[in-house]
Peer 1: 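First the structure, then my questions, so here it is.
Proteins come first, then strands; the chains are lettered A, B, ... in the order of their sequence lines, and each starts at number 1. Everything numeric here is computed off the predicted structure, so don't read it as measured data.
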There are 2 protein chains.
Amino acid sequence: MTNAAQTYHHGDLRTALLEAATKRVAEFGIDSLSLRKLAEDAGVSRTAPYHHFKDKSALLSAIAAKGFSQWHTNAKRIFDQHDVAPQSRFRQFIHEYIGYAADNPQMYELMFGRTIWHDNAATQGLKEVAYPCFQFQVEMTKYWQQTGLLPAGQDALRMAQVTWGTLHGIARLLIDGIYADRSHIDEMCDCAADLFMQIALPPKSN
Amino acid sequence: MTNAAQTYHHGDLRTALLEAATKRVAEFGIDSLSLRKLAEDAGVSRTAPYHHFKDKSALLSAIAAKGFSQWHTNAKRIFDQHDVAPQSRFRQFIHEYIGYAADNPQMYELMFGRTIWHDNAATQGLKEVAYPCFQFQVEMTKYWQQTGLLPAGQDALRMAQVTWGTLHGIARLLIDGIYADRSHIDEMCDCAADLFMQIALPPKSN
DNA sequence: GTTTTATCTTGACACTGTCAATATTGCATT
DNA sequence: AATGCAATATTGACAGTGTCAAGATAAAAC
């Protein structure tokens with residue numbers, strides 16, 4: 001017990017655990033998270049966390065939920081800059097998406113990885129935050145189709161899956177250190193943006 | 001020297017372990033693989049596997065290596081159908097890539113997931129099989145650019161990263177059960193193909 | 001036949017998540 | 001203020017895990 005407060009009840013253990021766990025995951029990765037060690041660092045016993053999170057998966061879900069709501073507001077901020085031209089906004093969104101993943105690789109891995117999504121392991125609370133985030137991707141896609149940035153002939157949902165899939169894939173390749181190299185992030189983003197906006201682009205002179 | 005498997009009179013524990021592990025991973029996933037249980041099933045002691053694989057990660061790398069060489073030959077087979085029009089081949093490649101991922105989700109997860117790639121955990125032997133596989137993606141991209149299927153203005157490597165990223169992303173979204181639904185695989189593939197080949201498509205106006 | 005080498009075994013260590021039973025406290029109601 | 005209940009925290013225990021060290025055994029090399 002390194003903490004001076006030796007009270008039997010911690011007071012706000014849930015918040016303390018969540019914050020410590022978030023920090024630990026961000027720094028050392030999902031696999032490094034141990035409930036026991038976490039409890040010890042918080043100055044409580046090994047099983048104390050179980051009164052605030054059903055199991056380890058629930059804790060991870062809670063961490064991811066924070067990440068989702070954070071990213072969701074960020075995405076809205078970018079998208080809602082109505083004074084910026086759609087093309088620039090679209091490009092900026094791509095850069096910021098990949099940038100977020102590159103800057104918070106462990107959090108991204110947690111949010112969009114199999115750890116919390118396989119076998120329907122995701123908490124109800126997580127789904128309630130994540131699904132609107134997914135839905136937002138469709139709304140944006142619809143808008144970009146309407147403004148002629150993306151081909152309008154395709155179904156918006158399908159289109160959203162593909163465009164998001166691209167961003168997701170690039171992010172994963174970067175994070176997992178496969179094939180793609182961090183030093184060319186911007187070029188890759190621009191390449192993706194150009195590919196998407198083939199039709200929308202005015203014919204280049206040079 | 002490095003060919004530890006080539007023995008005349010020895011038992012074939014290495015092969016037995018590799019096969020059993022591959023089967024287990026394919027069926028129940030990476031996390032379900034336990035070296036101890038694997039050894040027990042093979043009728044040897046818990047630490048016997050360590051004489052054939054440095055650690056668990058090395059075993060996983062070996063499994064993934066098999067998957068890579070398998071996929072690599074498959075990709076070449078599709079690409080080398082010179083009697084099929086490039087457009088059809090390109091489309092077929094996309095469908096088969098996603099199809100492979102959808103049919104072998106656990107293997108795909110292992111091959112292209114962080115488990116073996118993060119922290120440079122990949123074995124040298126794995127890299128020797130995987131890197132040519134990545135490189136092939138660039139060669140195909142170059143070809144598609146030359147045939148006018150993909151925009152030729154972009155750097156081939158960058159282009160390959162984006163196109164592969166798209167396939168990878170769609171595959172991951174499918175496998176992890178995020179957002180994308182298995183029942184629309186074909187539509188998603190076609191949507192991606194159409195998006196990539198905007199330029200190759202017959203011009204609608206202008 | 002003897003030595004070297006590859007392979008396998010037992011024992012042990014330090015972890016992990018999680019359940020069960022128990023103890024302590026804070027808060028609401030009387 | 002006293003009491004009862006629900007929330008919270010604790011110790012003990014169980015069944016796992018990967019992996020190292022040291023010793024045993026069989027096969028191969030000499």
Side-chain angles (χ1 to χ4, degrees), chain A residues 1-21 24-25 28-64 110 114-116 118-123, chain B residues 1-21 24-25 28-64 110 114-116 118-123:
Chain A
M1 41 180 71
T2 50
N3 212 340
Q6 296 183 8
T7 55
Y8 189 88
H9 279 54
H10 181 281
D12 200 359
L13 183 57
R14 198 196 134 91
T15 311
L17 288 173
L18 198 51
E19 276 181 10
R24 170 137 201 107
V25 165
F28 302 105
I30 303 173
D31 293 334
S32 83
L33 190 72
S34 153
L35 281 190
R36 293 176 98 110
K37 192 159 281 181
L38 198 67
E40 194 183 14
D41 287 354
V44 296
S45 74
R46 307 143 258 164
T47 58
Y50 284 87
H51 293 101
H52 301 277
F53 301 96
K54 182 180 153 283
D55 52 17
K56 190 179 183 179
S57 180
L59 172 58
L60 290 172
S61 282
I63 299 172
L110 177 62
R114 91 188 132 87
T115 310
I116 53 175
H118 75 157
D119 298 336
N120 261 19
T123 304
Chain B
M1 207 191 303
T2 50
N3 234 348
Q6 191 180 15
T7 50
Y8 283 89
H9 300 104
H10 294 69
D12 52 352
L13 182 58
R14 195 195 137 94
T15 312
L17 288 173
L18 198 51
E19 277 182 10
R24 170 137 202 106
V25 165
F28 303 105
I30 303 173
D31 293 334
S32 83
L33 190 72
S34 152
L35 281 190
R36 293 177 97 110
K37 192 159 280 178
L38 198 66
E40 194 183 15
D41 288 354
V44 295
S45 74
R46 306 140 255 166
T47 58
Y50 284 88
H51 295 98
H52 301 275
F53 302 97
K54 181 178 154 285
D55 53 17
K56 191 178 184 181
S57 180
L59 172 59
L60 290 173
S61 281
I63 299 173
L110 178 61
R114 92 191 131 90
T115 311
I116 52 175
H118 73 158
D119 297 336
N120 261 18
T123 304

Peer 1: Expressed in angstrom and rounded to an integer, what is the separation of A:Lys56 atom NZ from D:dG16 atom C1'?
Peer 2: 14 Å

Peer 1: Can you check the B:Glu40 CD to C:dT10 C1' distance for me, whole Å?
Peer 2: 15 Å

Peer 1: I want to check one thing: is the phosphate of C:dT10, taken as OP1 and OP2, less than 4.0 Å away from some side-chain N or O of B:Ser45?
Peer 2: no

Peer 1: For A:Phe53 and C:dG17, what is the distance between atoms CZ and P respectively, to the nearest whole Å?
Peer 2: 14 Å

Peer 1: Heavy atoms only, 4.0 Å cut-off, all strands: where does B:Leu33 land among base, sugar-phosphate and nothing?
Peer 2: sugar-phosphate

Peer 1: B:Arg46 CZ to D:dT19 C1': how many Å, rounded?
Peer 2: 12 Å

Peer 1: For A:Leu33, does its backbone N or O pair with a side-chain atom of A:Lys56 as donor and acceptor, under 3.5 Å?
Peer 2: yes

Peer 1: Rounding to a whole Å, what distance do you find between B:Leu17:CG and D:dG18:P?
Peer 2: 13 Å

Peer 1: Identify which nucleotide among C:dC8, C:dG17, D:dA9 has an atom closest to any side-chain atom of B:His51, counting heavy atoms from C-beta outward.
Peer 2: C:dC8

Peer 1: For the CD1 atom of B:Ile116 and the CG atom of B:Leu60, what is their distance to the nearest 0.5 Å?
Peer 2: 7.5 Å

Peer 1: Closer to the 5' end of DNA chain D via nearest nucleotide, is it B:Leu35 or A:His52?
Peer 2: A:His52

Peer 1: Return whichever of A:Lys54 or A:Lys37 has its heavy-atom-nearest nucleotide of DNA chain C closer to the 5' end.
Peer 2: A:Lys37

Peer 1: So, does A:Asp55 use its side chain to make a donor-acceptor pair with the main chain of A:Ser57 at under 3.5 Å?
Peer 2: yes

Peer 1: Is it the case that the base of C:dG17 and the side chain of A:Arg36 share a donor-acceptor contact (distance under 3.5 Å, atom types as modelled)?
Peer 2: yes

Peer 1: What's the CG-P distance between A:Leu13 and C:dT25, to the nearest Å?
Peer 2: 16 Å

Peer 1: Please tell me which of A:Thr47 and B:Thr47 maps to the more 5' nucleotide of DNA chain C, matching each residue to the nucleotide holding its nearest heavy atom.
Peer 2: B:Thr47

Peer 1: Output the distance between atom NE2 (B:His52) and atom CG (B:Leu13), rounded to the nearest 0.5 Å.
Peer 2: 4.0 Å

Peer 1: Just how far, in rounded Å, is C1' of C:dA6 from CZ of B:Arg14?
Peer 2: 15 Å

Peer 1: Compare every heavy atom of A:Ser32 with every heavy atom of A:Arg24, then report the nearest pair and how far apart it is.
Peer 2: NE-O, 3.2 Å

Peer 1: Nearest-Å distance, OH (B:Tyr50) to C1' (D:dT19)?
Peer 2: 5 Å

